[in-house]
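The structure appears right after this line, and notes come after that.
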Amino acid sequence: MSRVTAVMMMVVVVVVLVASVQVHAVYTFIGEGETKCFSEDLPNNTLLLAKYEIPAQELAGANTSGKPLGIHVTATGPTGVMFLDQVTDHRARIAFKSESSGEHTICFNTNSSSWFPNKKKIRFNFDIRLGEMAENYSEVAKREHLDSLALAIRRLEDRVKDVRDEQLHYREREEEMRDLVRDINSRVLWLSITQGVIVVSAAVYQLFYMAKLLKSKGA
């Protein structure tokens, strides 16, 4: 097999795997002082890259009074602990690796409430990439001195790792849901038993009470 053929095969495999990756590119409208949050359920040790911007056309007519337009961004992990809190430019990016599996939340708001009259809503573009899709492989190739074939292999290895981590993560989620369903079923069963005992006890008490009442009237 020639080198070119090997490279082409690697590229095809990488493209097929990359096609299965979820890349979220959305936009919303945010008011000054309003907070918008995005959540992502991440496996452990997964790289997340978020790019965001307020488009230039949205800034027309802004009265910043010399203060630069900025975005206040925070990120919290599954336990609710905030691990990122900073103010960035109106066009920026953030990146972090998850330290535990679970829901991670990124929130944005503007650093001012008086740029625009009449509380104008501003378009906010947001793009999120996970795992291998978040890596800058041009920088990786330069830093590690990788040729095209080695880089393709490296990217394939990273993607396979991401797929394996995702499978393990969803398996954990499945086990958690199974345990939750089992716990709910157990509680429902005990509740039904308790209700049955109460109903039977009430019926027995009523029988004894009626028997006693009839006996007293007969006397």
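The stretch residues 75-106 participates, sequence neighbours left out, in these ring pair (Phe, Tyr, Trp, His ring centres under 6.0 Å) pairs: Phe83-Phe96. Listed by first and then second residue, the side chain to side chain donor-acceptor pair (under 3.5 Å) pairs involving residues 186-202 are Asp183-Arg187 (not counting sequence neighbours). Sorted by first then second residue, the salt bridge (Lys or Arg N to Asp or Glu O under 4.0 Å) pairs that include residues 193-205, not counting sequence neighbours, number zero. Sorted by first and then second residue, the salt bridge (Lys or Arg N to Asp or Glu O under 4.0 Å) pairs involving residues 192-203 (not counting sequence neighbours) form an empty list.
Checked against salt bridge (Lys or Arg N to Asp or Glu O under 4.0 Å), Asp41 has the following partners two or more places apart in sequence or in another chain: Arg173. Ile184 meets the side chain to side chain contact (heavy atoms under 4.5 Å, CB included) test with Leu180, Val188; sequence neighbours excluded. Remark: Arg182 pairs with Asp179 by the salt bridge (Lys or Arg N to Asp or Glu O under 4.0 Å) rule, at least two apart or across chains. Taking Arg91 as the reference, Glu53 meet the salt bridge (Lys or Arg N to Asp or Glu O under 4.0 Å) condition, with sequence neighbours excluded. The salt bridge (Lys or Arg N to Asp or Glu O under 4.0 Å) test applied to Glu175 returns no partner, not counting sequence neighbours. Every side chain to side chain contact (heavy atoms under 4.5 Å, CB included) that Thr28 has, sequence neighbours left out, goes to Lys36, Phe38, Phe124. Partners of Thr35 according to the side chain to side chain contact (heavy atoms under 4.5 Å, CB included) rule, which considers only residues two or more places apart in sequence or in another chain, are Cys37, Cys107, Asn109.
Inter-residue side-chain proximity for Tyr52 and Phe108 is flagged as met; some heavy-atom pair is nearer than 4.5 Å. Using a 4.5 Å heavy-atom threshold, the side chains of Thr74 and Thr105 count as separate. With a 4.5 Å cut-off on side-chain heavy atoms, Thr76 and Val81 do not count as touching.
Smallest separation of non-hydrogen atoms from Arg129 and Asp127: NE-OD2, 3.2 Å. Contact between Pro78 and Ser101 at its shortest, heavy atoms only, is CG-O, 3.5 Å.
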Could you walk me through whether Asn125 and Lys51 pass the side chain to side chain contact (heavy atoms under 4.5 Å, CB included) check? CA-CA 8 Å; Asn125 297 332; Lys51 301 178 182 179; over 6 Å; no
Passes side chain to side chain contact (heavy atoms under 4.5 Å, CB included), Val73 versus Ile106? Steps please. CA-CA 7 Å; Val73 54; Ile106 307 173; 3.8 Å; yes
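Considering CD1 of Ile30 and CZ of Arg123, their distance stands at 14.0 Å, rounded to 0.5 Å. From Glu40, atom CD reaches atom CG of Leu130 across 5.0 Å, with rounding to the nearest 0.5 Å. Taken from OG1 in Thr110 to CD in Glu34, the straight-line distance is 9.0 Å, to the nearest 0.5 Å. Atom-to-atom distance recorded for Leu49:CG and Ile128:CD1 is 8.5 Å, nearest 0.5 angstrom. In this structure, CD1 in Ile54 is found 9.5 Å from CG in Asp89, a value given to the nearest 0.5 Å. Rounding to the nearest 0.5 angstrom, the gap separating the CD atom in Glu99 from the NZ atom in Lys97 is 11.0 Å.
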For a quick test of your reading: what N or O donor-acceptor pairs under 3.5 Å do the side chains of residues 205-212 make, sequence neighbours left out?
none

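In this structure, Leu191 is not a member of the same hydrophobic cluster as Val199, with clusters built from ILVMFWY side-chain heavy atoms closer than 4.5 Å.
For the pair Ser98 (side chain) and Leu42 (backbone), a donor-acceptor distance under 3.5 Å is absent.
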